[in-house]
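What you are looking at is a predicted structure, and each value in this text was computed from that prediction instead of being measured. In what follows, chains are A, B, ... by sequence order, proteins preceding strands, each numbered from 1.
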Number of protein chains: 2
Amino acid sequence: MSQNNIPYKTYLEESEMPKQWYNVRADMKNKPAPLLNPATLEPMKFEELRPVFCDELIKQEMDDTTPYFDIPQEILDFYKMYRPSPLVRAYFLEKYLDTPAKIYYKFEGNNTSGSHKLNSAIAQAYYAKRQGLKGVTTETGAGQWGTALSMACSYFDLDCEVYMVKCSYEQKPFRREVMKTYGAAVTPSPSNQTEVGRKILAEFPGTTGSLGCAISEAVEAATSKQGYRYVLGSVLNQVLLHQSVIGLETKTALDKIGEKADIIIGCAGGGSNLGGLISTFMGEKLRGEADYRIIAVEPASCPSLTRGRFAYDFCDTGKVCPLAKMYTLGNGFIPSANHAGGLRYHGMSSVVSQLYEDKLMEAVSVEQTEVFEAAVKFARVEGILPAPESSHAIKVAINEALKCKETGEQKTIVFGLTGTGYFDMVAYQKYNDGEMSDYIPTDEELEKGFATMPVIYK
Amino acid sequence: MSQNNIPYKTYLEESEMPKQWYNVRADMKNKPAPLLNPATLEPMKFEELRPVFCDELIKQEMDDTTPYFDIPQEILDFYKMYRPSPLVRAYFLEKYLDTPAKIYYKFEGNNTSGSHKLNSAIAQAYYAKRQGLKGVTTETGAGQWGTALSMACSYFDLDCEVYMVKCSYEQKPFRREVMKTYGAAVTPSPSNQTEVGRKILAEFPGTTGSLGCAISEAVEAATSKQGYRYVLGSVLNQVLLHQSVIGLETKTALDKIGEKADIIIGCAGGGSNLGGLISTFMGEKLRGEADYRIIAVEPASCPSLTRGRFAYDFCDTGKVCPLAKMYTLGNGFIPSANHAGGLRYHGMSSVVSQLYEDKLMEAVSVEQTEVFEAAVKFARVEGILPAPESSHAIKVAINEALKCKETGEQKTIVFGLTGTGYFDMVAYQKYNDGEMSDYIPTDEELEKGFATMPVIYK
């Protein structure tokens with residue numbers, strides 16, 4: 001079935017794996033806005049961020065001029081444990097769709113964390129260890145980030161405290177056990193263990209939690225004791241930097257098989273996968289070396305890019321974090337309870353937000369029933385049961401491939417298959433049983449979220 | 001960390017993937033004994049097996065002289081979806097154990113079925129489709145085989161009816177959903193849907209089921225309606241034939257990196273993984289071309305090789321199947337309820353049984369608490385959360401590597417990592433919570449199992 005001798009799966013040799021991360025900010029004319037101190041509305045200084053983040057990670061966070069960062073040898077070694085990830089030619093999907101388009105996906109799910117999150121988790125754990133810290137705290141939504149971090153912390157013998165969004169904690173008990181197997185402590189959020197958690201619980205007793213709220217708890221936990229720092233699996237510049245390995249590997253693999261992408265598609269929650277996948281391609285685009293159509297896909301139930309505002313907002317519900325300029329639905333926004341899986345953050349990476357604001361990329365939103373329909377089709381024809389998050393990208397990749405069928409164009413579509421759905425079977429069960437529903441927030445509901453944003457005069 | 005430029009993971013090129021299955025029986029001096037008709041005690045004839053099995057698969061089952069079978073192109077295409085599987089150098093485990101031994105594992109878990117079972121599932125579905133059948137029935141224990149078969153049937157648009165051992169059905173609800181996502185019908189066994197199920201339920205109302213009992217139900221379901229056949233994920237000669245891709249790929253990869261195995265280790269339930277992994281190596285051994293130490297690892301709670309009898313027995317509890325000569329604990333044997341995961345079949349592949357009887361390989365049994373201890377260690381240092389089944393091989397690989405540490409020998413150990421444990425978190429949770437127990441059946445208990453075997457005078 002394979003044509004032109006392009007294999008189903010392209011794996012790089014170890015020697016071809018990236019030795020450096022790529023920092024797309026270095027090539028951005030309009031840099032992402034800096035984090036602001038909510039009290040002074042001045043850019044956060046290195047010293048102000050030190051109680052929260054590891055030193056080296058703050059440097060990476062604030063550096064918008066250095067294009068490449070060497071990946072430390074310890075991280076390169078760990079990457080070899082589960083990387084390179086394959087670039088897969090979706091021959092079966094192409095045949096099923098009967099499309100002239102060539103479809104590729106970069107599959108990041110073949111590791112126990114089940115997603116791309118491990119790429120940044122190991123980096124953040126490494127810098128925490130190098131700084132001599134005792135442990136780290138974090139939040140997790142769907143559980144992929146928490147699992148990744150627990151694996152990374154276990155590797156470097158660090159304590160790992162995870163605040164897990166309550167509805168995921170309940171829907172995904174097995175993720176919790178994976179984290180425990182790797183030695184992490186997992187707490188459903190909001191919890192009674194932090195001041196901010198108790199406050200949120202008092203205000204919204206029945207809440208199923210949100211990422212923004214779990215972040216507040218994790219930050220409080222990190223800053224209220226010695227030897228701990230907070231780490232985050234998405235949104236931050238440093239995370240996108242680490243995740244650039246996805247895009248760098250993808251580009252090298254495409255070059256190796258003589259392909260050039262026309263359209264690059266990624267799901268977008270906080271932007272970690274998307275930002276990583278598009279990194280080097282966006283760099284080429286920014287430098288005028290190549291052009292790509294780049295599409296972010298988000299859930300219609302949490303539409304930060306397509307219906308949010310580009311403004312300064314708190315990164316967390318509890319308002320303990322700095323302000324970030326980003327597309328946001330307001331820090332108080334919580335997706336409807338019927339929303340399955342991740343991609344439930346109220347905001348979007350400042351890098352991705354700025355690139356979108358500058359019209360260097362597009363964004364679309366899709367509804368979850370059509371996403372699961374695409375997921376099941378994909379599982380059946382390509383043999384991989386995808387994560388609900390990844391399936392957003394699948395849905396739009398299928399849409400684009402079907403457009404090619406109409407026009408007869410043989411475009412090359414590349415999308416990010418960020419992970420597997422093995423721990424998302426409650427959601428699949430809902431879909432299988434016909435009990436899955438869609439929900440698009442009304443304008444009025446979005447207004448309520450926007451009302452939680454700070455008013456800043458800048 | 002990698003030495004001698006041997007990469008962490010060796011992937012074959014598509015062009016290096018096996019185009020033929022290897023039939024080890026062709027090189028065996030003492031052939032595995034034929035299946036017997038329980039009524040006549042004569043070898044089963046092709047015509048007698050036709051109501052149960054697909055024609056082409058019966059031919060493969062009965063052929064003990066043809067050394068190689070071409071793999072049909074449709075199956076080669078499907079294999080490319082998830083194969084080649086990597087041969088992994090366990091550098092991290094070696095370092096952790098501080099052993100001079102070189103440890104490799106062939107990792108078969110990077111597909112949605114989570115195990116090697118897909119290798120035979122797709123072959124059996126293919127032959128069923130080619131015969132114009134409507135569907136197939138089967139049993140599944142831990143659920144890996146059922147998942148694999150549901151994927152294969154979905155690919156070829158065949159009905160798939162799965163009888164799932166009740167305790168697994170209850171412990172692994174998410175596997176059931178994966179099967180349903182691929183369109184399979186899943187029934188907990190014993191069930192009221194078959195005569196034999198009703199009979200077993202009447203006799204043992206509280207039973208948690210067994211593979212032997214689920215087989216009886218699946219066979220009855222297949223033979224009681226038009227256009228269906230029964231397929232089996234292990235034990236049978238045909239299954240070991242298909243699974244030879246594991247060993248063939250392993251051998252090619254070892255040759256590619258200039259390594260020769262000293263010890264080959266595989267977990268053994270019905271023998272599908274073990275038989276597949278050792279296939280071509282055993283062939284060399286049988287032909288006197290090379291020598292290998294080959295070790296089968298089984299659970300102490302279901303010790304067919306180490307404590308069973310080499311005799312003719314029914315393949316199923318309901319005694320509807322032919323008799324097979326094998327190491328068996330008796331068709332009425334059911335592992336204790338505390339036994340987690342697969343490897344719970346009362347018998348062992350006739351091929352493996354004969355090779356063991358002829359002292360061409362060894363067998364050891366291990367207890368489940370030490371198996372999970374090894375599993376968690378492995379998960380933490382190698383980054384893959386292993387299936388409980390696979391962890392039996394890990395345990396013995398570690399034991400052998402530690403012996404090398406004592407003696408200073410730099411042996412090359414190769415083991416089969418058959419799958420991932422993502423759907424086994426109930427068992428991991430038990431282990432994490434200190435609630436896992438061991439159970440070794442007493443001689444008296446084994447006698448009860450032996451008493452269920454038929455008395456045949458041959």
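Contact of the T181(B) side chain with the Y431(A) side chain is not registered, since no non-hydrogen atoms from C-beta on lie closer than 4.5 Å. At least one side-chain heavy atom of Q429(B) sits under 4.5 Å from a side-chain heavy atom of R176(A). For the pair Y82(B)/I384(A), no side-chain contact is recorded, criterion being any heavy-atom separation below 4.5 Å from C-beta on.
Nearest heavy atoms, G383(A) versus M151(B): O-CE, 3.2 Å. When all heavy atoms of D433(B) and K180(A) are compared, the closest pair comes out as OD1-NZ, 3.2 Å.
Summarising the local packing, CG of D255(A) is surrounded by more than 12 heavy atoms from other residues, nucleotides or ligands at distances under 6.0 Å. Heavy atoms of other residues, nucleotides or ligands lying less than 6.0 angstrom from CG of N338(B) number more than 12. Annotation for K134(A): atom NZ does not count as buried by contact number, only 12 or fewer foreign heavy atoms lying within 6.0 Å. Enclosure of atom OH in Y96(B) is not indicated, since only 12 or fewer non-hydrogen atoms of other residues, nucleotides or ligands lie within 6.0 angstrom.
With hydrogens and angles disregarded, no donor-acceptor distance shorter than 3.5 Å links the side chain of E177(A) to the backbone of Y428(B). K80(A) places no side-chain N or O within 3.5 Å of a backbone atom of K9(B) that could act as its donor or acceptor partner. Judged purely by atom type and a 3.5 angstrom limit, Y8(B) has no side-chain atom pairing as donor or acceptor with the backbone of F78(A). Without hydrogens or angle criteria, Y422(B) side chain to F174(A) main chain gives no donor-acceptor distance under 3.5 Å.
Heavy-atom distances place both the backbone and the side chain of M81(A) under 4.5 Å from chain B. For a residue to count as touching a neighbouring chain, one of its non-hydrogen atoms must lie under 4.5 Å from one of that chain's; by this rule D424(B) does not touch chain A. Proximity to chain B is limited to the backbone of V381(A), based on heavy atoms less than 4.5 angstrom apart. Contacts of N432(B) with chain A are made by side-chain atoms alone, with heavy-atom separations under 4.5 Å and no backbone atom involved.
Of the listed residues (S154(A), A379(A), A90(A)), the one with the most heavy-atom contacts under 4.5 Å to chain B is A379(A).
Under the 30°/60° scheme for interplanar angles, the aromatic rings of Y155(A) and F92(B) are found to stand perpendicular.
Interatomic distance, OG1 of T112(A) versus CG of L385(B), reported as 5.5 Å (0.5 Å rounding). In this structure, S150(B) OG and R380(A) CZ are separated by 9.0 Å, a value rounded to the nearest 0.5 Å. To the nearest 0.5 angstrom, N111(B) atom CG is 11.5 Å from T420(A) atom OG1.
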